[in-house]
Amino acid sequence: MEGFHKHIVVLEGDGIGPEVMREAIKVMEMVNESLGLQVTYSKGLIGATAIDATGDPLPQSTLDQCEAADAILLGAIGDPKYDNNPDAPVRPEDGLLNLRKSLGLYANIRPIKIFEGVQHLSVLKEHVIQGVDFVIYRELTGGIYFNDKWTKGDVAADTCLYSVEEIKRIAKLAFEAARGRHRKLTLVDKANVLETSRLWRKTVDAMKADYPDVLVDYMFIDNAAMQVIVNPARFDVILTSNMFGDILSDEASVISGSLGLLPSASMGHSSRLYEPVHGSYPQAAGKDIANPFAMILSLAMMYRAFQLTAVSDAIVDAVNSCLKKGVATEDIFRDAPCKCSEAGDAVCFELQDKLTQSGTIPASLGSEK
Ligand code: IPM
Ligand code: MN
């Protein structure tokens, strides 16, 4: 496609980050070549890797690069050497949290879907997960993650604070998403106990009038944690705070069979960030066994935001074809797994076919869904 040029920043991060990223880049380069697109990238340091190299989990140069980019791809963050050290002066996670905050990425979008061919691998019964298709809108730059924190001797505190403004801006995105889906929005909170949750309810309630076509319901987080397992098909769009969204999205990953399949997108004021929901899985680092599909599906979310809907769909299709053919890493097909790099190759192979099929892609390249 003539003249299409985007520049992105690639942050491999820690653990399996570099391995899953390598596969996503393979896919990206194949798309570039097949369609004559120019998606160029430069790499930046973040997380434990950045601490080792510079002492800072988010060096200024990384932040500068990210601010100038059209999008950011991130692998994973975290290193066990910090996990059991409560006194560590800096942590890898600070890099990611600062990046989200600095870029104003206040909405984290985590779709939960069933992948054909692997339903039977879910720990949940097939009839329970039948038809599951929902998306979590997690607030990402406020709440208990980001407000006043302190330790004084034997006492410590994390403050959960939200303003109407913070709630409104993500609620707006969630309402709009519901409009494009099954028009159902569930606010998950703990309004029977928390002041902040009551403010969320009031704010969302006041916005309902602007979205008369969207059905809003409210659910306490403890109940929601149960409903995600016993009746996940009831959800369409879940809107929730930072902490609840963090927990709920890991929990919801069991529906699709593996955390290794879940992509996410974060958006806000400027460039968007795409990252798998899974962590750095340090035990697997360097072994070529990690699942690259969540990273590749995150890349697909990036193409969608670039309005290259057909490319995005083709990548998702390619991953689905792999799963249907039984090609996936050991978290999915324990008995006959492929390697991380083979899974990436397989996606490229499937994709090649889809990109060249009867010219469908170039013709509809720029079309919105
Ligand atoms: C996530 C992760 C992060 C979070 C960590 C790595 C700080 O668990 O993206 O869900 O808690 O937000
Ligand atoms: Mn998490």
Next item on the list: Go through the structure and list residues passing side-chain contact (heavy atoms from CB on, under 4.5 Å) with Val193, not counting sequence neighbours.
Entry: Lys190
Check: Residues in side chain to side chain donor-acceptor pair (under 3.5 Å) with Arg181, at least two apart?
Finding: Asp133, Asp236
Margin query: Going by side-chain hydrogen bond (donor to acceptor under 3.5 Å, both in side chains), name the pairs with one or both residues in residues 286-298, residues two or more places apart or in two chains.
Written below: Asp288-Ser341, Asn291-Asp331
Note to self: Between Glu19 (side chain only) and Arg22 (backbone N and O only), is there a donor and an acceptor less than 3.5 Å apart?
What the structure shows: no
Next item on the list: Applying ring pair (Phe, Tyr, Trp, His ring centres under 6.0 Å) between Tyr162 and each of Phe146, Trp200, Tyr106, Tyr145, report the one that passes.
Entry: Trp200
Check: When you measure from the side chain of Thr62 to the backbone N and O of Leu45, does any donor-acceptor pair fall under 3.5 Å?
Finding: yes
Note to self: For Arg100 and Asn98, which I'm curious about, is there any donor-acceptor pair between the side chains at under 3.5 Å?
What the structure shows: no
Note to self: Going by side chain to side chain contact (heavy atoms under 4.5 Å, CB included), Ser256 matches just one of Ile332, Leu262, Val118. Which one?
What the structure shows: Leu262
Checklist line | Short side-chain to backbone donor-acceptor contact, Gln227 and Ala224, under 3.5 Å | finding: no
Notebook entry, point to check: Do we see a donor-acceptor contact under 3.5 Å between the side chains of Thr309 and Arg304?
Noted result: no
Check: Are the side chain of Thr329 and the backbone N or O of Pro337 linked by a donor-acceptor pair below 3.5 Å?
Finding: no
Next item on the list: Using the ring-ring contact (aromatic ring centres under 6.0 Å, His included) rule, collect all pairs that involve residues 295-341, keeping only residues at least two apart or in two chains.
Entry: none
Checklist line | side chain to side chain donor-acceptor pair (under 3.5 Å) against Asp94, all qualifying residues, sequence neighbours excluded | finding: none
Item checked: Contacts of type side-chain contact (heavy atoms from CB on, under 4.5 Å), residue Val155, not counting sequence neighbours -> Trp150
